[in-house]
Amino acid sequence: MAGTGAHSLARAEQFIWLTARVLEQRRFAHLFLDGSADAVETALTAYLNEDGGYGHALEPDLRGPVSQPMHTAHALSVLDSIGRCAGPRVERVCRYLTGVSTKEGALPALLPAQRGYPAAPFIPVLDDPPAELLATGPVVGLLHRNRVWHAWLFRATDFCWAAVDALERSHPYEIEAAVAFLDGVPDRARAEAAADRLGQLVREQRLVVLDPRRRAEYPVASGYAPGEHHFPYDYARTPGSLARRWFSEDELDGSLDRLEAEQCPDGGWPVAWRRWAPGTELEGRPLVTLRALRTLRAYGRRPR
């Protein structure tokens with residue numbers, strides 16, 4: 001089913017050149033203009049710290065130089081997108097992950113080293129932060145999908161399985177993290193069974209807007225910004241995701257139509273989460289724009 005209003009790649013390109021950081025400019029060039037993967041990796045290296053983690057506001061909602069799991073997960077996703085999630089660079093990342101993990105062998109959302117640097121008010125800085133599926137699931141799933149083998153993965157994988165199996169009440173970003181884990185973990189039969197259960201949970205708890213025309217009728221999760229809804233494409237970023245089976249063709253197509261229509265006149269897509277500082281929104285919009293373009297392309301939505 002064709003979209004009702006195809007997005008414009010040319011307008012998105014102008015938006016990227018006008019507003020994006022060098023890293024997102026290089027990523028756009030690699031994804032859509034046959035640009036070099038080496039150039040992306042060079043730009044990413046600017047965020048690398050001596051401890052093997054990444055910092056320097058790579059994830060815009062966390063400012064300052066210190067390494068954090070969220071920054072490092074972001075870096076791994078960039079390496080994954082250019083086919084460089086292997087070798088010494090990833091071994092070094094895994095050593096960093098080992099060093100910052102909790103006693104469960106999994107990742108906290110935010111390390112206390114962030115204290116003293118600006119951070120989004122909805123990400124609390126704790127002295128002894130717990131391990132979270134939100135932080136650990138996407139990293140474990142990505143490493144498994146890239147067939148990375150490291151001792152850190154054993155306990156981290158067990159933690160994610162236990163966390164996914166225990167989910168009864170959740171929120172959209174945690175479900176996204178669970179899907180990222182399930183899409184990459186080697187035990188496919190177990191992953192499919194777990195995904196089927198989560199899909200029922202998402203629909204029963206109304207964690208997804210199934211009809212964009214009735215968006216206002218769907219609840220927003222506690223702590224989220226007004227209007228910070230999630231749509232089928234937020235869970236099923238590609239047709240190969242286990243979350244794809246959660247939605248009918250009409251439900252998915254309607255959400256993709258909505259995603260195309262969300263492109264702003266300046267060529268970029270808006271951020272849905274809470275805006276707490278001008279710089280974070282400015283840096284966040286190119287990231288959201290790249291994600292929207294990749295999702296639309298994965299589903300065969302051709303730009304004008």
Side-chain angles (χ1 to χ4, degrees), residues 1-12 31-32 81 137-138 141 145 164 167-184 188-189 191-222 224-265 267-273 285 287-304:
M1 176 179 174
T4 57
H7 60 289
S8 167
L9 187 61
R11 282 194 294 129
L31 290 166
F32 299 102
S81 72
R145 192 175 67 251
V164 169
L167 283 179
E168 294 181 358
R169 301 290 303 179
S170 189
H171 59 93
Y173 290 121
E174 187 174 49
I175 296 294
E176 285 186 40
V179 171
F181 167 69
L182 295 173
D183 278 345
R188 302 314 299 153
E192 289 180 11
D196 288 345
R197 187 181 71 84
L198 289 186
Q200 294 175 10
L201 182 152
V202 164
R203 297 180 78 94
E204 290 170 358
Q205 297 181 15
R206 305 187 72 203
L207 301 181
V208 60
V209 176
L210 297 175
D211 184 353
R213 296 167 298 181
R214 303 171 65 181
R215 176 178 180 175
E217 299 177 16
Y218 289 85
V220 174
S222 176
Y224 285 27
E228 192 176 355
H229 292 100
H230 282 64
F231 297 83
Y233 59 75
D234 286 308
Y235 299 110
R237 286 285 167 188
T238 68
S241 172
L242 290 175
R244 171 63 188 88
R245 67 182 71 180
W246 298 353
F247 311 110
S248 69
E249 290 290 337
D250 286 344
E251 289 168 347
L252 180 65
D253 283 339
S255 76
L256 292 171
D257 289 345
R258 181 259 177 197
L259 181 60
E260 287 185 321
E262 282 285 290
Q263 188 177 22
C264 299
W269 269 259
V271 298
W273 58 85
R285 286 192 65 205
L287 291 168
V288 173
T289 297
L290 286 175
R291 185 169 65 183
L293 292 172
R294 295 181 70 192
T295 299
L296 292 167
R297 185 171 71 174
Y299 283 100
R301 296 293 183 111
R302 304 302 179 190
R304 290 195 301 270

Stepwise side-chain contact (heavy atoms from CB on, under 4.5 Å) check, D183 with T238
CA-CA 10 Å; D183 278 345; T238 68; 5.8 Å; no
Check the pair H171 / L207 against side-chain contact (heavy atoms from CB on, under 4.5 Å), numbers first and verdict last.
CA-CA 7 Å; H171 59 93; L207 301 181; 5.6 Å; no
side-chain contact (heavy atoms from CB on, under 4.5 Å) evaluation trace for L242 with V179
CA-CA 7 Å; L242 290 175; V179 171; 5.7 Å; no
Stepwise, does the side-chain contact (heavy atoms from CB on, under 4.5 Å) test hold for D196 with R245?
CA-CA 8 Å; D196 288 345; R245 67 182 71 180; 3.3 Å; yes
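Proximity of a side-chain donor or acceptor of R301 to a complementary backbone N or O of H7 within less than 3.5 Å is not detected. Side chain of R11 to main chain of C264: a donor-acceptor pair is present (N/O by atom type, distance under 3.5 Å, no hydrogens or angles). Looking at Q263, its side chain never comes within 3.5 Å of a backbone N or O of T289 through a donor-acceptor pair. Checking side-chain atoms of S255 against main-chain N and O of L252 turns up a donor-acceptor pair under 3.5 Å. Side-chain atoms of W269 do not come within 3.5 Å of backbone N or O of A12 as any donor-acceptor pair.
For the pair A272 and A225, the tightest heavy-atom approach, listed with the atom from each and the gap, is O-CB, 3.8 Å. Residues A243 and A236 share a closest heavy-atom pair of C-CB, 3.8 Å. Between R297 and L31, the closest heavy-atom pair is NH1-O, 2.7 Å. Considering every non-hydrogen atom in both L296 and L256, the closest pair reads CD2-O, 4.0 Å.
Going from atom CZ of R169 over to atom CD of E204 covers 10.0 Å, rounded to the nearest 0.5 Å. A distance of 10.5 Å separates CD in E260 from CG in L293, rounded to the nearest 0.5 Å. The CD1 atom of I175 sits 7.5 Å away from atom CD of Q205, with the distance rounded to the nearest 0.5 Å. To the nearest 0.5 Å, atoms CZ (R197) and CG (L167) are separated by 6.0 Å. Note: Y299 OH to D253 CG = 10.0 Å, rounded to the nearest 0.5 Å. Atom OG in S170 sits 8.0 Å away from atom CG in L198 (nearest 0.5 Å).
In this structure the side chain of V271 never reaches within 4.5 angstrom of the side chain of L287, judged on heavy atoms. Between W246 and E251 the shortest side-chain heavy-atom distance does not fall below 4.5 Å. The shortest distance between side-chain heavy atoms of P232 and V208 falls below 4.5 Å.
Scored by the salt bridge (charged side-chain N to carboxylate O under 4.0 Å, His left out) test, R294 finds no partners at all (sequence neighbours excluded). Under the rule for a salt bridge (charged side-chain N to carboxylate O under 4.0 Å, His left out), R188 has no partner lying at least two apart in sequence or in another chain. Remark: F32 pairs with F28 by the ring pair (Phe, Tyr, Trp, His ring centres under 6.0 Å) rule, at least two apart or across chains. Residues satisfying the side chain to side chain donor-acceptor pair (under 3.5 Å) criterion with Y233, sequence neighbours excluded, are R258. With sequence neighbours excluded, the residues satisfying ring pair (Phe, Tyr, Trp, His ring centres under 6.0 Å) with Y173 are Y224, H230.
Listed by first and then second residue, the salt bridge (Lys or Arg N to Asp or Glu O under 4.0 Å) pairs that reach into residues 233-242 are D234-R237, sequence neighbours excluded.
Residues R244 and E249 are paired through a salt bridge, judged by an N-O separation under 4.0 Å between the basic side chain and the carboxylate.
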